[in-house]
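Keep in mind that what you see is a predicted model, and the values were worked out from it rather than measured. Below, read A as the first sequence line, B as the second, and so on, with proteins coming before strands; counting in each chain starts at 1. Side chains included, hydrogens not; waters and symmetry mates left out as well; all remaining heavy atoms used.
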Number of protein chains: 2
Amino acid sequence: MNAKVKVEKAKSEKTKVKKTKENILDAAAALFSKHGYNGTALRDIADALEMKAGSLYYHFDSKEQLVLEILTIGLENIIDTVIRRVEELPENSSSRDILVAAAKGHLGALLEKGDYTSTSIRNYGQMPVAVQKEGRIIRDRYESMWRKWLVKAQEKGDIKDSIDLKILRLSILGALNRTLAWYSKKGDLSIDEIAEIQVGFVWDGIATSDAR
Amino acid sequence: MNAKVKVEKAKSEKTKVKKTKENILDAAAALFSKHGYNGTALRDIADALEMKAGSLYYHFDSKEQLVLEILTIGLENIIDTVIRRVEELPENSSSRDILVAAAKGHLGALLEKGDYTSTSIRNYGQMPVAVQKEGRIIRDRYESMWRKWLVKAQEKGDIKDSIDLKILRLSILGALNRTLAWYSKKGDLSIDEIAEIQVGFVWDGIATSDAR
DNA sequence: TTAACTATTTAGTTTACTTAAAAAATTAAA
DNA sequence: TTTAATTTTTTAAGTAAACTAAATAGTTAA
């Protein structure tokens with residue numbers, strides 16, 4: 001057997017195993033998303049795949065590692081969505097437009113993506129502490145993107161010099177994330193509109209000129 | 001034995017049991033706060049009190065009910081703190097001052113109160129879903145206080161008519177709650193300063209007049 | 001076809017919540 | 001003070017779910 005064939009075989013083996021692993025991840029994400037981390041037993045995941053719970057350990061070291069992989073995929077998903085949204089903007093868009101686009105991407109990923117993303121966000125708090133810690137590393141990478149956009153806006157003179165950008169960034173993301181707790185598809189506002197409104201609060205302020 | 005004495009006896013019995021229950025709550029709050037809900041076994045709580053785990057069931061139906069009582073106390077604590085802060089204000093304070101006072105109370109309770117409050121906030125997500133649901137009832141009561149202050153401010157003409165107060169309220173509280181994730185006592189800003197800054201963002205806006 | 005490797009199952013062990021019955025401690029009544 | 005009743009704690013399970021290791025089954029390479 002020549003090298004070429006050997007490589008192909010190795011690949012097909014790999015995809016086989018990989019496929020099983022993917023199936024496990026998909027089933028787990030769906031169940032976690034619906035019943036929460038603690039509400040989903042490995043038994044449930046295995047049942048969904050017509051497997052035995054013990055078999056999962058061939059593919060994952062622990063339930064913890066399994067949910068960590070789901071979390072990672074979900075968070076990367078958010079990052080990709082936000083980056084794409086901002087990159088789609090025309091060159092020389094205003095600072096405000098960039099922040100609004102990022103906010104729209106953020107909310108969109110949070111609210112209308114699949115099981116991985118929703119598990120990552122909705123069940124983040126239920127996950128083992130060690131998993132949350134790993135998640136924080138990815139989140140930090142994400143937040144540094146926001147940091148960059150805000151610094152640029154302030155350097156352009158669009159954000160007042162007196163504004164503390166760290167607190168601003170955390171406030172904006174805190175406000176956006178809270179949307180998860182109350183947004184409903186049946187509401188009268190679209191996700192994009194909500195993002196626009198929330199950025200509007202901090203950009204323009206809510207006070208009348210009288211009250212300042 | 002006359003009625004008076006009987007009543008006193010009944011009372012002393014009650015305080016005895018009550019005291020044990022309180023001790024359990026205190027120990028549990030301290031451990032939950034340090035190691036999280038799932039990280040704390042009933043065994044650990046019992047050990048701290050030199051009891052056996054089974055004994056806890058005389059006082060509480062389940063671990064779930066135990067943490068629910070802690071959550072309730074912690075949330076009531078926040079409500080009381082915020083109300084007090086706002087009531088301490090002079091009559092006819094400005095709308096801005098009221099919101100700032102409420103924000104200071106909120107952050108103060110979140111960041112520097114005892115084990116009950118910090119367990120309620122930090123570990124909320126780890127608690128059983130049924131407990132979270134109960135917590136939401138109290139939180140709703142709390143949020144309606146904010147609703148009231150915001151409506152009053154808008155009626156006075158201090159908040160622009162175009163502002164959606166529901167989204168505003170959720171944004172503000174989302175931003176304030178996020179502070180838990182990054183605040184450190186060693187930082188250069190006090191809790192009150194952080195509250196002032198965060199309300200300032202939405203009240204005055206962050207954009208320079210050029211960028212609006 | 002056989003040997004090696006991969007994947008799954010089986011049959012447990014462990015840990016932690018929970019329960020019920022027994023034991024101990026406390027209080028009330030005689 | 002002794003006995004009876006009540007309260008509180010412990011003991012000794014039961015149960016559920018994560019995890020492990022050994023056995024088995026399935027697949028691929030030579």
What's the [atom1]-[atom2] distance between [X] and [N], to the nearest Å?
| X | N | atom1 | atom2 | result |
| --- | --- | --- | --- | --- |
| K19(A) | dT6(C) | NZ | C1' | 19 Å |
| Q65(A) | dC19(D) | CD | P | 11 Å |
| D47(A) | dT8(C) | CG | P | 15 Å |
| I24(B) | dT10(D) | CD1 | C1' | 14 Å |
| D61(B) | dT19(C) | CG | C1' | 12 Å |
| F60(A) | dT20(D) | CZ | P | 15 Å |
| K63(B) | dT19(C) | NZ | P | 15 Å |
| N38(B) | dA17(D) | CG | P | 14 Å |

Counting side-chain heavy atoms from C-beta on, which of dT10(D), dA18(D), dT9(C) comes nearest to A41(A)?
dA18(D)

At under 4.0 Å, does any side-chain N or O of [X] touch on OP1 or OP2 of [N]?
| X | N | result |
| --- | --- | --- |
| Y58(A) | dT8(C) | no |
| Y57(A) | dC19(D) | yes |
| K52(B) | dT9(D) | no |
| H59(B) | dT9(D) | yes |

CG on D158(A) to CH2 on W203(A), rounded to 0.5 Å:
5.0 Å

Evaluate side-chain contact (heavy atoms from CB on, under 4.5 Å) for L71(A) paired with T119(A), printing each intermediate quantity in order.
CA-CA 7 Å; L71(A) 176 70; T119(A) 295; over 6 Å; no

Near R136(A) CZ, under 6.0 Å, is it more than 12 heavy atoms from other residues, nucleotides or ligands?
yes

Salt bridge flag under 4.0 Å for residues E143(A) and R147(A)
no

